[in-house]
Amino acid sequence: MFFKIPTLVYFEDNCVINHQNELCQYGKKALIVMGKSSARKNGSFADVLQALDNNSIAYEVFDEVEQNPSLESIKKAYLANKDKGIDFVIGIGGGSSLDSAKAIAVMLKYHFNDTQLLFEKPACNDSLAVVAVATTCGTGSEVTAASVLTDNINKRKASMSYRIYPKLALLDSKYLTYLPYRSIRFTAVDALSHLIESVISSKATTISDMISYEGLRAFSKNKAALLDQSLLTKEVYDNLLYVSLIGGMAIAHCGTNLPHGLSYTLTYHNNIPHGQACGYFLYGLMKYADQKTVNLVLQALQFADLQQFKQFIVEVAMLEKLDDNLLELAVQEVKDNKNKLSYCPYKVDEELLKKVAFSLWKD
């Protein structure tokens, strides 16, 4: 049994400015990695620039991160900045930006042009220092070593082999207030997936369960607001971000399993948002899990039974029936993924995998 979170985390109002000295300790020049618009709209980019300017830190900006970041965009960012003396990388945004920041930081450290090398076993899990400014409530990437990238050559989403924890994570719930309600719901379901997959996991321990159940109990406080936008308050935004953080800590130890593995097919082939895609398979994972564990999960979430949970997840994640061919493809693409299958605590063959994938609509 072990516990390791090497990331220094600050979670408070005006977090970036309050901790600008820590933000600026990693060198004299930063590369800011983010999407085209959200970081500018929600004020996180402005806060980071103020912190850098206050401390006379030079910077470059790569603002072309797309949803489900591709190897092509990672390479573009690397080529544009490899000769600019970058000392550290700041990721601003959700999972796409934070995962991109990690991959770019690896390439800037080792100076290789072939992005496929990101998937080869590294000699050393190292990179330029990464700072994570999280602006969504689902990824948890600010406290995990994972970076999930879209590999169009091999038509897949996959985690790079390098395990890169951010050195510093800065969390301020004010950035969430600019998210579309739909995004709030989907990213919250992603965080819920992290927590449930960490409890129903072959890697679960007493310590990881302590983290996961705390996250599930905290999630239960958000249920009403995730179904009624008028109930969103500062307290709810704080709690949503807290649940996301706890979910990241949980999967840092337990990894993810069937829902995440199956979800990648839906996202890659049908562009279904990641959190929503995970939502399609949570009921199936729980249906075939140990009943005692499932009951503890339902109790923490304050659901009377699994059917009540199912109704909630369908509504909050806005789930609609999928084409059987897409679900069958998801099964085929994950059935030989020994990593995802091994993290599931019960034996999974192709037949059971199909039951998990189809059960939301077959019951």
Side-chain angles (χ1 to χ4, degrees), residues 3-16 18-19 22-23 39 42 44 47-48 90-99 101-102 130-148 163-179 183-199 201 204 207-223 225-226 232-256 260 274-275 278 300-301:
F3 181 81
K4 180 183 180 182
I5 293 289
T7 304
L8 174 62
V9 180
Y10 289 106
F11 187 141
E12 62 191 59
D13 295 345
N14 302 312
C15 192
V16 172
N18 291 348
H19 298 284
E22 288 99 327
L23 169 63
N42 63 33
S44 54
D47 286 347
V48 169
I90 304 171
I92 308 176
S96 295
S97 293
L98 303 189
D99 288 3
K102 295 174 185 178
V130 175
V131 175
V133 180
T135 65
T136 67
C137 53
T139 172
S141 185
E142 68 272 12
V143 289
T144 77
S147 172
V148 180
R163 307 293 293 167
I164 307 300
Y165 282 95
K167 299 293 186 183
L168 176 66
L170 301 173
L171 305 180
D172 188 336
S173 70
K174 70 182 180 183
Y175 303 136
L176 299 185
T177 64
Y178 292 82
L179 280 174
S183 297
I184 289 281
R185 295 168 80 163
F186 291 167
T187 55
V189 171
D190 187 20
L192 178 61
S193 300
H194 293 162
L195 294 165
I196 291 176
E197 290 176 60
S198 295
V199 172
S201 171
I207 294 176
S208 69
D209 277 352
M210 175 182 68
I211 297 168
S212 301
Y213 282 111
E214 164 63 12
L216 291 170
R217 288 189 292 268
F219 184 92
S220 71
K221 301 175 183 178
N222 301 329
K223 291 191 303 183
L226 290 172
L232 289 173
T233 63
K234 172 67 164 63
E235 182 180 3
V236 172
Y237 283 121
D238 280 345
N239 201 50
L240 285 165
L241 192 57
Y242 175 67
V243 170
S244 178
L245 172 66
I246 295 297
M249 291 180 176
I251 61 171
H253 291 84
C254 299
T256 58
H260 270 69
H274 172 65
C278 289
L301 290 171

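Keep in mind that what you see is a predicted model, and the values were worked out from it rather than measured. In what follows, residues are counted from 1 in the order of the sequence shown.
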Residue pair H19 / E12, side-chain heavy-atom distance below 4.5 Å: yes
Report yes if the side chains of S44 and D47 come closer than 4.5 Å at any heavy-atom pair, otherwise no. no
Specify the closest pair of heavy atoms between G91 and L98, including all atoms of both residues, with the distance to one decimal. O-CD2, 3.3 Å
Please determine whether side-chain contact (heavy atoms from CB on, under 4.5 Å) holds for the pair L170 and E142, giving the CA-CA distance in whole Å, both sets of side-chain angles, and the decisive distance to 0.1 Å. CA-CA 8 Å; L170 301 173; E142 68 272 12; over 6 Å; no
In the structure I gave you, are the side-chain heavy atoms of E22 and K167 within less than 4.5 Å of one another anywhere? no
Whether N239 side chain and A218 backbone form a donor-acceptor pair below 3.5 Å: yes
Pick from L245, T187, L171: which one makes a side-chain contact (heavy atoms from CB on, under 4.5 Å) with C137? T187
Any donor-acceptor N/O pair, H253 side chain to K4 backbone, under 3.5 Å: yes
Side-chain heavy-atom pair K234, T177 within 4.5 angstrom cut-off: no
How long is the gap from CG on L241 to OH on Y175, to the nearest 0.5 Å? 11.0 Å
dist R163:CZ -> T144:OG1 (nearest 0.5 Å) comes out at 7.0 Å
Any donor and acceptor pair, going by atom type alone, linking the side chain of S244 with main-chain N or O of A191 inside 3.5 Å? no
Donor-acceptor pair, N18 side chain versus D13 backbone, under 3.5 Å? yes
Distance-only, no hydrogens or angles: does the K223 side chain make a donor-acceptor pair with backbone N or O of L301 under 3.5 Å? yes
Hey, is the main chain of G94 close enough, under 3.5 Å, to the side chain of S97 for a donor-acceptor pair? no
Donor-acceptor pair, side chain of R217 and main chain of A300, under 3.5 angstrom: no
Roughly how far, to the nearest 0.5 Å, is the CD atom of E197 from the OG1 atom of T256? 5.5 Å
Measure the CD1-SG distance between I207 and C254 for me, rounded to the nearest 0.5 Å. 10.5 Å
I need the minimum non-hydrogen distance between I211 and F3, along with the two atoms involved. CD1-CE1, 3.2 Å
Of N222, T136, L179, which meets side-chain contact (heavy atoms from CB on, under 4.5 Å) against L240? N222
What closest approach, in Å, do V143 and A252 show between heavy atoms, and which atom pair accounts for it? O-CB, 3.7 Å
Distance col, row S141:OG vs K102:NZ, nearest 0.5 angstrom, shows 3.0 Å
Would the distance check show the side chain of S212 and the main-chain N or O of S208 forming a donor-acceptor pair, the cut-off being under 3.5 Å? yes
Heavy-atom closest contact (A146 atom, D99 atom, distance): O-OD1, 3.5 Å
Closest contact, heavy atoms only, V133 versus V48: CG2-CG2, 4.1 Å
Here the pair of heavy atoms bringing L23 nearest to V16 is CD2-CG1, 4.1 Å
Is the shortest heavy-atom distance from the side chain of V189 to the side chain of R185 under 4.5 Å? no
Distance, nearest 0.5 Å, that separates CG of L216 from CG of L192: 6.5 Å
